[in-house]
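Report on one structure; see the data block that follows.
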Amino acid sequence: MLHCLGIESSCDDTSCAVVREDGEVLSNIVSSQNALHAEYGGVVPEIASRAHAERIVPVLEQALSEAGVGLGDIGLIAATQGPGLIGSLLVGLETAKGLAYATNTPLAPVNHLVGHLHSVFIGDADKRVGPEFFPYLGLIVSGGHSSLVRCDAPGRYRQVGQTLDDAAGEVYDKVAQMLDLGHPGGPILDKLAANGDPEANAFPRPLLNRDNCDFSFSGLKTAVRVWLDREGREAIAADKARLADLAASFQAAVVDALIEKSKRALAQESLERLAIVGGVACNRGLRAAAAERLAGVDVRIPAPLICTDNAAMIAAVGIALRDNAPESAMTINATASMPLSVA
Ligand code: KG4
Ligand code: ZN
């Protein structure tokens with residue numbers, strides 16, 4: 001069976017994975033740079049690309065050894081071409097080109113967002129789906145993106161909604177930053193929200209009543225900032241119960257928008273299957289709401305390690321589109337922005 005080596009370095013995670021043709025993940029090594037960027041409250045591109053350059057070879061070696069394979073067993077290489085930070089993308093893509101050239105292996109360039117969309121096709125045999133899952137709606141919620149995408153077949157995607165301003169993960173990170181809680185803020189606020197009252201503060205749900213599938217989160221971010229300025233940031237950060245209430249109320253507003261707009265898009269596109277993907281798909285409030293509020297919809301949310309940036313999802317796209325691999329890997333270039341229709 002074909003073994004695909006995936007390589008991902010579009011932002012601040014250096015990752016290599018070996019995935020088998022049937023979707024079984026043999027290894028998926030992710031070297032996170034969170035600690036390097038924490039003091040800046042966000043990703044610093046120059047630091048990210050240097051760290052990728054230092055880590056890519058050890059991460060590759062670990063991915064091969066954990067999967068119990070050598071380069072000779074790899075029938076296909078898949079690497080992220082874009083979108084992302086150009087200096088970061090170059091490290092993974094040029095490594096992939098070098099490997100493809102040296103071992104005479106085909107190289108598939110992959111759109112990072114399509115990687116997220118295909119993350120439901122890999123993982124544990126009882127949870128992953130097969131190609132019969134098409135057509136489906138993908139809700140991509142990450143630090144850089146919030147969009148709803150109609151997925152008709154491998155290589156055929158159409159965006160039906162997107163955020164008009166901030167991404168969902170970005171607002172999580174910014175709200176956590178306002179309270180000096182650490183970076184990335186999503187998992188921290190998610191944990192705090194578990195002990196809070198989601199109805200404690202009535203934060204706005206922008207665009208919820210509009211007849212479209214778009215999101216807007218910057219109004220929510222401003223509402224939290226204004227509320228914090230009024231109540232006193234330090235007072236809230238020091239009061240466990242009120243902090244939990246704030247986190248739960250903020251999370252409820254984000255989750256409402258994501259669930260209601262997904263419902264609208266499913267109806268508009270006459271789709272019955274939904275994949276929730278990207279880092280914010282780890283969110284426990286979102287997972288619970290998807291299970292409770294989307295009756296009749298086949299909802300798939302990958303395991304947390306497959307939701308956040310990882311190379312196994314990149315390999316998944318390589319496998320699905322293996323017949324499209326270009327003749328020569330040497331002409332592939334990294335690109336900071338990339339249309340969704342290009343897989
Ligand atoms: O997909 P990802 O790893 O990277 C991008 O492509 O952006 O997503 C990272 C984002 C961060 O904003 C992080 O705060 C958010 O996902 N995130 C979460 C949770 N875990 C990660 N947001 C809410 N709840 C979580 N449990
Ligand atoms: Zn991502």
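Indexing begins at 1, ligand by ligand and atom by atom, following the structure's order. Below, each value reflects all heavy atoms present in this structure, side chains not excepted, and no hydrogens, waters or symmetry copies. Throughout, numbering of the chain's residues begins at 1 and tracks the sequence.
Remark: ligand 1 and P184 share no N or O pair separated by less than 3.5 Å (distance only, no angle test). Polar contact check, R284 against ligand 1: no nitrogen or oxygen pair lies under 3.5 Å apart. Geometrically, ligand 1 and G279 share a nitrogen or oxygen pair separated by less than 3.5 Å. Geometrically, ligand 1 and Y172 share no nitrogen or oxygen pair separated by less than 3.5 Å. The distance criterion of under 3.5 Å between nitrogen or oxygen atoms is met by D309 with respect to ligand 1.
Applying the 4.0 Å criterion to heavy atoms of D190 picks out, from ligand 1, the atoms 24 (N), 25 (C), 26 (N). Heavy-atom contacts of G144 reach the following atoms of ligand 1: 7 (O) (cutoff under 4.0 Å). Each of the following atoms of ligand 1 lies closer than 4.0 Å to a heavy atom of S142: 1 (O), 5 (C), 6 (O), 7 (O), 8 (O). In the vicinity of H112, heavy-atom distances shorter than 4.0 Å reach the ligand 1 atoms 6 (O). Of all the atoms in ligand 1, the ones that sit under 4.0 Å from a non-hydrogen atom of T308 are 3 (O). Every atom of ligand 1 with a heavy atom of C282 under 4.0 Å away is listed here by number and element: 20 (N), 26 (N). Within the listing of ligand 1, atoms 12 (O) sit less than 4.0 angstrom from a heavy atom of G169. In summary, the atoms of ligand 1 found under 4.0 Å from a heavy atom of H116, numbered by their order in the structure, are 1 (O), 6 (O).
Taking the six-membered ring for Trp, H118 and F121 have ring centres closer than 6.0 Å. Checked against the 6.0 Å centroid criterion, the rings of F217 and Y172 do not qualify as a close aromatic pair.
Look at R205 and D256 and you find a salt bridge, because one of the NZ, NE, NH1 or NH2 atoms lies within 4.0 Å of a carboxylate O, short of that distance.
Taking only non-hydrogen atoms, the option from V280, N310, D173 nearest to atom 11 (C) of ligand 1 is D173. Distances from atom 9 (C) of ligand 1 to the heavy atoms of P83, G143, C307, A167 put G143 nearest.
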Residue pair D124, R128: steps toward the salt bridge (Lys or Arg N to Asp or Glu O under 4.0 Å) verdict: CA-CA 6 Å; D124 293 345; R128 66 180 182 243; over 6 Å; no
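Note on D309: its N/O/S atom closest to the Zn ion (ligand 2) is OD1. In H112, the N, O or S atom that comes nearest to the Zn ion (ligand 2) is NE2.
For a distance bound of 2.8 Å, the N, O or S atoms of C11 include none lying that close to the Zn ion (ligand 2).
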